[in-house]
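Some notes on the structure that comes next.
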Amino acid sequence: MEIVRKIAKDYRIPLLALLVFVFMSLTNPYFFKQANLFGLFDSMPAYGIAAVGLTFIMLCGQLDISMGSVMALSSCVFMMTLNSIGFIPSMLLALAIGCVLGAVTGFFVAFFRLSPFIVSMTTQIAYKGIALTITNSTPVVNMHPVLVKISEIKVFGAIPITFFVFVLVALLAEFVMTKTQYGRNLFVIGGNINVADNLGLNVRGHLWSVYVIQGFCAALGGIVMMTRMFSASGNLALDGPLSIIPMVIVGGTAFAGGKGGAIKTLFGVLLMNIIFNALSMFNIYVNIQQLIKGVILLMIIVSDKYLENRHNKV
Amino acid sequence: MKSCVTHSKDGEDMEQKLSVKKIGELIRDNINLVMLIVMIVLGAIISKDFFTINNLMNLLRRITVNGVMAAGFTLTLLVGGFDLSIGSTLSLCAVLCVGIEKSSGSAAIGMLVAIAAGAAVGLLNGLLMKLTRGESGEAFLITLGTSMVASSAALTYCNGYDIYGVNAKWYKAIGQGNIAGFPIAAIIWLGILIILQIVIKKTEFGRQLVLSGANKKSAFLAGVNVGKMKIIAFTLAGIFAAIAAIIMTARTTAGSPRSGTGADFDAAIASIIGGNSLVGGKGGMVQVFIGVVIYGLITNMLNLMGVDSVVQYIVKGVVLLIAICLDNLKKR
Amino acid sequence: MGNAEFFEIKNVSKTFPGVKALDNVSMSVAEGEVRALVGENGAGKSTLMKILNGNYKMDSGQIFIDGKEARITSPVKAAEYGISIIFQELNLVNQLSIAENIYAGRLKTKGKVVDWKAVEADAKALLDRIGFDVDPRTEVGKLSIAGKQMVEIAKALSYKARIILMDEPSATLTKAELDSIFKIIKDLKSKGISVIYISHRLEEIFTICDSVTIMRDGKIIDTKKINEITRDEIVEKMVGREINQTFPKRESHIGEEVLRVTGLHRKGSKSEVSFSLHKGEVLGIAGLVGAGRTETMRALYGVDYVTKGEIYVKGKKVKINSPKDAKKAGIAFLTEDRKEEGLTIDFTVKSNIVMANMKKIMSGIFLSTKKENQTADKYIKLINIKTPSRMQKVLNLSGGNQQKVVVAKWLNADSDIIIMDEPTRGIDVGAKLEIYELINKLVSEGKSVIMISSELPEVLGMSDRVLVMKDDAIIAELTGDRINAVEVMRYAL
């Protein structure tokens, strides 16, 4: 009985994802079709990788809403330089830019102690502006052969290669989070900053670093997105924060920090995407899907904060 | 200066240093006004058309929607929150106002429904803020969530398409008409600012609102119903977003479910560069006026200089970052 | 017991603005000795602890371990020197496992990879050493307070601590839990580790400690072997200052009952309270920090959630769900946390004074600036608030004047029942006297005052009646001659 309870508690998100998956496969003839499954797995990696990056930030009890614009800007650079400097160099350039963008946001959060919401809201606007400027507000379309090639690789006929990139990133992040001193320090900082101070940890440095990691992940997510869209623009991933934050929280990473993990986020991404895929099966319009996303976000925040603060009257 | 007089030999020197410091402080405390003056001077230098009635009235007309939005936003800032949902609320109210005028044939009904919808979104924000005992962090996420709900409602109502056509003459006049050469919309905006400023500074309610944002614990202990203040402030922010939507649709004679995209940021930037503080309890409608004009001038000037509208995003971001840092500096 | 002067503090002093927190403190502890450190609230124990932990820098003095000087500049340094401090607010991360909490920031690695097996095995060994039978992978948040304290002890051992300071470990423990902590202390002792045990509970000290050091007003008063001193002697030395403060005289005219509280139970409280208050009376509430004094008054005033109980004001039953209700019922509350809760610190003197009663400065539906200014000026003059102007930010005033602003705010509210929580904390002697005079004036006008204070002389000198609280309950009511230090301490400890 104990073991059942433990499984139910520790694995409820993957179990729930599996449940919805099985239910949909049984009830809807179109769900388990190859095309739909491919669509499902193809829709995950871009935001999924960014969600893994956000997990680092949330472990420290911080937040970021600029990842959508980082994805947009870095993928614009990627698509624009692809033909002139080649696939690998332009990918490295885009990733480096992602790191810099994350570092700028993180700098103000870590060293000026400004609210992460305001700072990332600001950088979100600015990065979007830069992306729109360098692209002249027109989408950058590029059917580069390597991109096309990547988009055509399918494992088991239904899983795109980018999904494995996502899984790999999540595994790597999980390794850093659970098996390195650096990763564990993040938990201490997010869990109880006084303990971190007493241990003499470099709190500012750690806070800054997670924003750099997030920038890197967002850029990688942006590049991955290009393998199915072949088109970048300054308005890419506008709903980034709205979609990504719920995935991380549903996965089990706490708002307050100190609790969570990349594998948890992986399952959060899986669950949310299966649900949205299922909703589209039931002919639920995109508009209503957005409503559902909003309500999920609200339910998570309100229940979380209510439980945390209910002992105080104000 | 009496208190600064010393009897030492350097007394005079000290006094002078102190007055330089005082002037420094004065500038720091009124940095937003200084910015406004600098902007106006810059504007005059850059373009000889700047000080024409035409340009000024145009400017006024253009900043009104943001001005009304910023007034509502500032109320949520004062109560210690932050409202990111007013942009989506603006979209929702815009499509409702135009759409319902079309379907019912009555502009008044359209406007009432729009205002009711704005109030509803704001009320939801306020209730959730009360429930979570939230401050600006919670407000961010809550209003992010409600903004999705509102924009989804907007998109659903109009199926994602813009709705064209405003019929009632008096409706159009709100956005396009003039009284004695002065835009009606601007009169409405300034009226709102004046009324709100009086409410904030001269009524018990206003004082309680500001106290709730400045220190909710001390306000609560002094008998203020902090939760109620949050509900009222956020509801008013929703209502002002609806009024902004009415003015905007009256000018453009169309309602778009995307018209509010970024409008929340614009309102936030204007409010903050005007000198309203992020920590709550500090500021008012004078600051809103200054901020909205500065922001309008920046946009106006960039337009006059022929700067691409997307480059303006970058400028906006940098301006906001500077404003936040200045706000942080003032706290010290 | 080994080296008699293994740990030595020499002439340590520390001054905070207006307060001499530590005045030339010297003490030494032998290897394997369990030393009790006792003293009233504010005697300087926590300042000493924070200096030993590297949180505060001492103004002068030295600390020696094994004859070598230890320069403690940070908590990390303190740990290196073998000093571990277990604070009441435990220094743990609830979300993480026991093992990780013990080794946080210095996990054993193989290559660059954390060797969890080794970390957990090491933690298990430490836990076994103190006889705490628990899986080291257990989340710390799931442990009881006693369990958490044991984790702190294990953590101290992991740093090879040679001296462990424990700050009131017993305050929140049950008898059984305390016994297991005592067992561990005995065990530490046998291993040559010294313990400084800070506690208000004298029974415990006689059970577990070898010797006792008594502090008062930032000074060491005495150090004795535990079998050379009696409980009453300790109490006497703790409170036995010459009463150098004089309290202004007052003739009490105590009238009818104005407040009756019956069976009031605060959410999470261990006990219910009942008491009453009379017109023209100063009711003192004595007790140790954590005895539930502040919490009880906050519950009465509607700040915290109340589960049951009845409140009668002037014979009429009132329902108090919020401070607003309490204010309406004629109750005022001066919180102990002046800066966080009592004042809106970066607002002006004027707006703070009028904030609890804006009805008074209305003219029609608007606030009248003229009336507001008059009200502010009236109180600035009446209770002598030293401020350059009514427009000064409260932030820039001294502690005493800030407190006077709080007092002015509640005077302006015209309440008949005034609860004051630590009204003279952190303010200078002159301002204290003014507050006392003000209290006398209030009761002479027929108002009633409830005063919570950790300064015993103040409670004794000002009160017509004293309630002593312990463990959330009122355990004694003292009147007349029984209002003296020894009586109060007998119940409070």
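Below, read A as the first sequence line, B as the second, and so on, with proteins coming before strands; counting in each chain starts at 1.
- Here the shortest heavy-atom pairing between Ser218(B) and Thr344(C) reads OG-OG1, 2.8 Å.
- No side-chain donor-acceptor contact under 3.5 Å links Asn215(B) to the backbone of Ile345(C).
- Ion pair Lys217(B)/Asp337(C) not flagged as a salt bridge, since none of the NZ, NE, NH1 or NH2 atoms sits closer than 4.0 Å to an Asp/Glu carboxylate oxygen.
- Contact record, Ser351(C) with Arg207(B): CB-NH1, 3.8 Å, taken as the closest heavy-atom pair.
- The minimum heavy-atom distance linking Val210(B) with Phe347(C) is given by the pair CG1-CZ, 3.5 Å.
- Counting heavy-atom neighbours within 6.0 Å of Lys228(B) NZ, excluding the residue itself, gives a total of 12 or less.
- Phe220(B) approaches Ser322(C) most closely through the heavy-atom pair CE1-CB, 4.3 Å.
- Heavy atoms from other residues, nucleotides or ligands lying under 6.0 Å from NZ of Lys371(C) number more than 12.
- Summarising the local packing, NZ of Lys360(C) is surrounded by more than 12 heavy atoms from other residues, nucleotides or ligands at distances under 6.0 Å.
- With a threshold of 4.5 angstrom between heavy atoms, Asp325(C) does not approach chain B through any atom at all.
- Atom CZ of Phe289(B) is surrounded by 12 or fewer heavy atoms from other residues, nucleotides or ligands within 6.0 Å.
- Met355(C) is not listed as a side-chain neighbour of Gln208(B), based on a closest heavy-atom distance of 4.5 Å or more.
- For the pair Thr335(C) and Leu221(B), the minimum side-chain heavy-atom distance is below 4.5 Å.
- Of the two parts of Thr369(C), the backbone and the side chain both hold a non-hydrogen atom closer than 4.5 Å to a non-hydrogen atom of chain B.
- With hydrogens and angles ignored, the 3.5 Å screen pairs a side-chain donor or acceptor of Lys327(C) with a backbone N or O of Ala222(B).
- Scanning both residues, Thr203(B) and Leu367(C), for their nearest heavy atoms gives O-CD1, 3.5 Å.
- Glu341(C) has its side chain out of reach of Lys216(B): every pair of non-hydrogen atoms, C-beta onward, lies at least 4.5 Å apart.
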